[in-house]
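Taking it in order: structure first as structure tokens, then the write-up.
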Amino acid sequence: MSAADSPFWSPAIRGLHAYVPGEQPQGGGWIKLNTNENPYPPSPLALARMREALDERLRLYPDPQALALRQTIAGLHGLGTDQVFVGNGSDEVLALAFMALLRHGRPVLFPDITYSFYPVYANLYGVAAERIPLTDTFEVRVADYARPNGGIVLPNPNAPTGVALPLADIRALLQANPGSVVVIDEAYVDFGADSAVSLVGEFPNLLVVQTLSKSRSLAGLRVGFALGQAPLIEALMVVKDSFNSYPLDRLAQIGAQAALEDHAHFEQTRQQIIASREWLTGALTQRGFACLPSSANFLFARHP
Ligand SMILES: *Cc1c(COP(=O)(O)O)cnc(C)c1O
């Protein structure tokens with residue numbers, strides 16, 4: 001008898017297909033590439049602020065609104081605090097977005113291939129999903145998304161291809177879908193793609209999701225955020241407060257805020273990663289590999 005046959009399982013969870021996270025091997029001796037973590041350490045300022053905060057104040061709950069952190073993020077992007085939502089990693093933010101904004105009885109569209117968590121959320125919330133194939137050159141063609149939908153989710157740059165979508169294409173997608181939310185998952189945007197944040201003021205149907213896990217070297221802290229017009233952010237708040245009022249602990253709020261304030265560390269480490277990526281692309285190409293042009297911190301390559 002498998003565990004799923006247990007009479008104690010809620011019927012709804014029997015049909016779930018959970019995401020399988022990349023392996024986190026215990027012990028040292030590895031050069032770890034499988035989950036696109038940052039090889040550089042987090043901001044020293046972030047580590048120092050978290051150490052200072054590590055005291056008896058942990059007996060208190062954190063700020064459920066994470067106001068200081070949201071103000072910092074808003075300032076960084078020229079938005080209002082009511083246009084910023086924070087969550088326990090961008091995975092949580094995406095899950096809440098599926099629940100709050102993408103369940104309309106019409107299918108959600110996302111590329112085939114893309115981040116494999118999207119079909120998992122669709123399945124969890126009972127949302128039909130339609131996968132739109134990439135072109136022969138592994139690109140997203142926005143014209144292929146012109147079909148009835150209850151929402152669209154796209155990573156930019158896409159994972160695992162690393163290929164970025166120009167801002168003009170995202171604008172076209174937003175204009176063609178005024179009746180549904182377009183979620184742009186910018187987990188890797190700091191490594192070279194154009195952020196859609198500049199379009200937030202113009203498009204009430206745009207939600208941009210970012211994370212501190214990749215470009216800020218803080219995958220272990222679990223902080224992600226969403227940017228969009230206030231009604232979208234409010235929808236996320238309603239779902240969050242129906243589920244967990246305190247998704248970000250005290251240390252995470254303080255560390256994330258400091259990491260976002262440490263511009264020098266951020267610039268230096270992301271430029272180093274971009275330089276290594278370009279060097280590796282050249283070296284692999286010289287050896288006969290075909291590499292897709294990557295705007296991320298990973299490469300999609302094959303050898304004939
Ligand atoms: C890594 C990744 C995420 C999740 O990041 P967390 O903030 O660590 O949850 C989201 N989307 C894509 C495409 C990713 O690669």
Side-chain angles (χ1 to χ4, degrees), residues 18-24 32-40 42 46 66 69-70 73 84-99 102 108-122 124 129 131-132 134 138 140 151-165 170 182-193 195-197 207-227 236 240 243-244 247-249 251-253 255-257 259-260 266 270 273 277 292 294-300:
Y19 179 76
V20 181
E23 188 175 349
Q24 296 292 351
K32 193 174 172 304
L33 302 174
N34 65 335
T35 49
N36 302 336
E37 289 141 327
N38 198 310
Y40 298 107
L69 172 58
R70 285 168 56 222
I73 295 170
V84 180
F85 178 84
V86 293
N88 191 254
S90 61
D91 283 341
E92 183 185 73
V93 176
L94 289 163
L96 297 177
F98 265 79
M99 175 84 166
L102 302 177
V108 168
L109 312 181
F110 48 77
D112 185 11
I113 49 182
T114 194
Y115 187 39
S116 48
F117 226 136
Y118 305 152
V120 173
Y121 296 134
L124 173 64
R131 297 166 204 238
I132 313 295
L134 299 177
F138 294 92
V140 168
I152 297 173
V153 188
L154 282 182
N156 191 35
N158 195 10
T161 63
V163 176
L165 198 62
I170 292 174
V182 177
V183 178
I184 306 296
D185 177 357
E186 296 190 334
Y188 302 101
V189 76
D190 295 325
F191 301 114
S195 174
V197 172
L207 191 76
V208 177
V209 178
Q210 294 192 359
T211 176
L212 278 74
S213 294
K214 312 287 169 44
S215 61
R216 303 275 174 173
S217 307
L218 285 170
L221 204 61
R222 310 305 304 129
V223 182
F225 56 92
L227 308 167
L236 295 171
K240 171 214 149 218
F243 184 70
N244 178 5
L248 289 194
D249 62 67
L251 299 177
Q253 292 186 29
Q257 195 185 342
L260 291 165
F266 171 65
R270 85 184 176 111
I273 286 169
R277 178 189 71 212
L292 294 181
S294 172
S295 299
N297 64 347
F298 54 84
L299 280 179
F300 193 89

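We count ligands from 1, going down the list as the structure has it; atoms in each ligand are counted the same way. Starting from 1, each residue takes its place in the sequence as its number. What you are looking at is a predicted structure, and each value in this text was computed from that prediction instead of being measured.
- For the pair Arg216 and Phe266, the cation-pi criterion (under 6.0 Å, within 45° of the ring axis) is fulfilled.
- Side-chain contact check for Asp91 and Tyr19: no donor-acceptor pair (N or O, by modelled atom type) lies under 3.5 Å.
- Between Asn38 and Asn297 the shortest side-chain heavy-atom distance does not fall below 4.5 Å.
- Lys214 and Thr211 form no side-chain donor-acceptor contact under 3.5 Å, judged by distance and modelled atom types alone.
- Remark: distances from the non-hydrogen atoms of Glu92 to ligand 1 are all 4.0 Å or more.
- For the ligand labelled ligand 1, residue Tyr188 lies inside the 4.0 Å heavy-atom shell.
- Annotation for ligand 1: atoms under 4.0 Å from non-hydrogen atoms of Ala187 are 2 (C), 11 (N), 12 (C), 14 (C).
- Residue contact check for ligand 1: Ser90 places a non-hydrogen atom closer than 4.0 Å to it.
- Taking 4.0 Å as the cut-off, Asp185 counts as a neighbour of ligand 1 on heavy-atom distance.
- Near Gly89, meaning under 4.0 Å from any of its heavy atoms, are these atoms of ligand 1: 7 (O), 9 (O).
- Listed by number with element, the atoms of ligand 1 under 4.0 Å from a non-hydrogen atom of Ser213 are 6 (P), 7 (O), 8 (O).
- Taking atom 9 (O) of ligand 1 as the reference point, the nearest protein heavy-atom neighbour is Arg222 NH2, 2.8 Å.
- For the pair Ser295 (side chain) and Ala193 (backbone), a donor-acceptor distance under 3.5 Å is absent.
- The protein heavy-atom contact nearest to atom 14 (C) of ligand 1 is Lys214 NZ, 3.2 Å.
- Residues Ile184 and Ala196 approach most closely at CG1-CB, 4.5 Å, considering heavy atoms.
- Considering both main-chain and side-chain atoms, Thr211 comes within under 3.5 Å of ligand 1 through a nitrogen or oxygen pair.
- Ring centroids of Phe110 and Tyr115 are separated by 6.0 Å or more, keeping the two rings apart.
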